[in-house]
Amino acid sequence: MLTKVLPATVEAATRPESVPAKHLLPSLPYEPAALEPGIDAHTMKLHHGKHHASYVDKLNQALQTFPELQGRSANWLLLNLLKVPKEIRTAVRHNAGGHVNHSLYWRAMSPAGGGAPTGQLADAIARDFGSMEMFKAKFVEAGEALFGSGWVWLVGSPSKEGQLQVLTTLGHDNPMSQGHYPILVNDVWEHAYYLKHQNRRPDFLNGWWSVANWHEASRRYEQCRHSSREDWESEGKAGNA
Ligand code: MN3
């Protein structure tokens, strides 16, 4: 049975010009229990309502005394960290990163997920990894091998006609900083799986394919090949989810 998928974006509330834009926690695009049994509702509620919410709060706090940065998107902040004042640069890196990565993560999963991609993304996976099974093995292996907290990504390189790679980032770093466009992502911080899987990260990584959202990944792959850095920077604007 397909669970109804809720709209993925929240419209910016109308606000007077004088009130600074704030980054907002996006709604989950489905109910917290919708990914069961792949991901349990308790983990989803804490992960979204506590962890992600705290990155959004801390990002807004860091920007409080820098009105010139308040209209910038979270992506812009990550891609232009050297233009962010030193005293808040680390806080912005961690919390804009946490906000952007989790916003991608919720949409990388779906109650209607699982299976395999079709079309151009399927062709590109076969071209760049040999097969879907070889891609999955590489993604799981990279996630297992990451020491500590971080993320495992399927990314595309617009400068190389959408060539795909699996890579990992530490903390809340995002591969866009290195010129790679995120196609699919899994969160390998312990908070993403500890309640259900405890220390068994490989179980989580292998089970995660049942919720992987190939529809969204295909959309992002298409976008990757036709996007510029300016497009990347405009995603995640303050006042929008
Ligand atoms: Mn997380």
Side-chain angles (χ1 to χ4, degrees), residues 6 8-10 23-62 73-75 77-78 90-111 113 139-140 142-155 166-177 180-213 216-217 220 235-236 241:
L6 304 174
T9 54
V10 174
H23 295 272
L24 301 174
L25 179 68
S27 306
L28 280 178
Y30 34 72
E31 298 299 331
L35 301 181
E36 298 248 20
I39 302 200
D40 59 285
H42 190 196
T43 295
M44 285 298 290
K45 281 184 194 159
L46 288 170
H47 199 175
H48 175 259
K50 302 292 180 190
H51 291 278
H52 188 170
S54 94
Y55 301 128
V56 174
D57 288 347
K58 286 178 186 160
L59 175 60
N60 286 322
Q61 270 168 36
S73 72
N75 278 17
L77 293 167
L78 282 185
T90 302
V92 167
R93 179 177 173 180
H94 292 165
N95 295 298
H99 179 30
V100 167
N101 292 0
H102 285 93
S103 299
L104 290 167
Y105 181 56
W106 310 130
R107 292 168 201 179
M109 302 185 288
S110 165
F139 190 92
V140 168
E144 280 180 45
L146 179 74
F147 186 77
S149 298
W151 298 79
V152 56
W153 308 84
L154 171 66
V155 299
V166 166
L167 50 84
T168 54
T169 57
L170 283 171
H172 286 321
D173 285 348
N174 184 294
M176 282 189 290
S177 307
H180 304 294
Y181 191 76
I183 308 291
L184 191 72
V185 60
N186 197 355
D187 184 343
V188 290
W189 284 56
E190 282 187 344
H191 66 225
Y193 60 85
Y194 204 86
L195 291 178
K196 180 169 174 173
H197 299 283
Q198 292 80 49
N199 59 319
R200 299 183 302 275
R201 189 189 282 180
D203 288 1
F204 166 64
L205 283 161
N206 283 304
W208 186 78
W209 298 117
S210 68
V211 296
N213 185 352
E216 171 71 356
R220 293 193 64 86
E235 281 183 30

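Quick note: residue numbers are just sequence positions, from 1. We count ligands from 1, going down the list as the structure has it; atoms in each ligand are counted the same way.
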Exercise for the section: Applying side chain to side chain donor-acceptor pair (under 3.5 Å), name anything that partners Asp173, two or more places apart in sequence or on another chain. Expected result: Arg93
Practice task
Evaluate whether atom NZ of Lys58 has more than 12 neighbouring non-hydrogen atoms of other residues, nucleotides or ligands under 6.0 angstrom away.
Solution key: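 Result for NZ/Lys58: open.
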Practice task
Could you tell me whether His47 and Tyr105 have their ring centroids closer than 6.0 angstrom?
Solution key: yes
Handout entry: Metal proximity, His51 vs the Mn ion (ligand 1), N/O/S cut-off 2.8 Å
Key = no
Handout entry: Metal site the Mn ion (ligand 1): N/O/S of His47 inside 2.8 Å
Key =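 His47 does place an N, O or S atom closer than 2.8 Å to the Mn ion (ligand 1).
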Practice task
Measure from the Mn ion (ligand 1) to every N/O/S atom of Asp187 and report the name of the nearest one.
Solution key: OD2
Problem - Donor-acceptor side-chain pairing of Asn174 and Ser177 below 3.5 angstrom - result: no
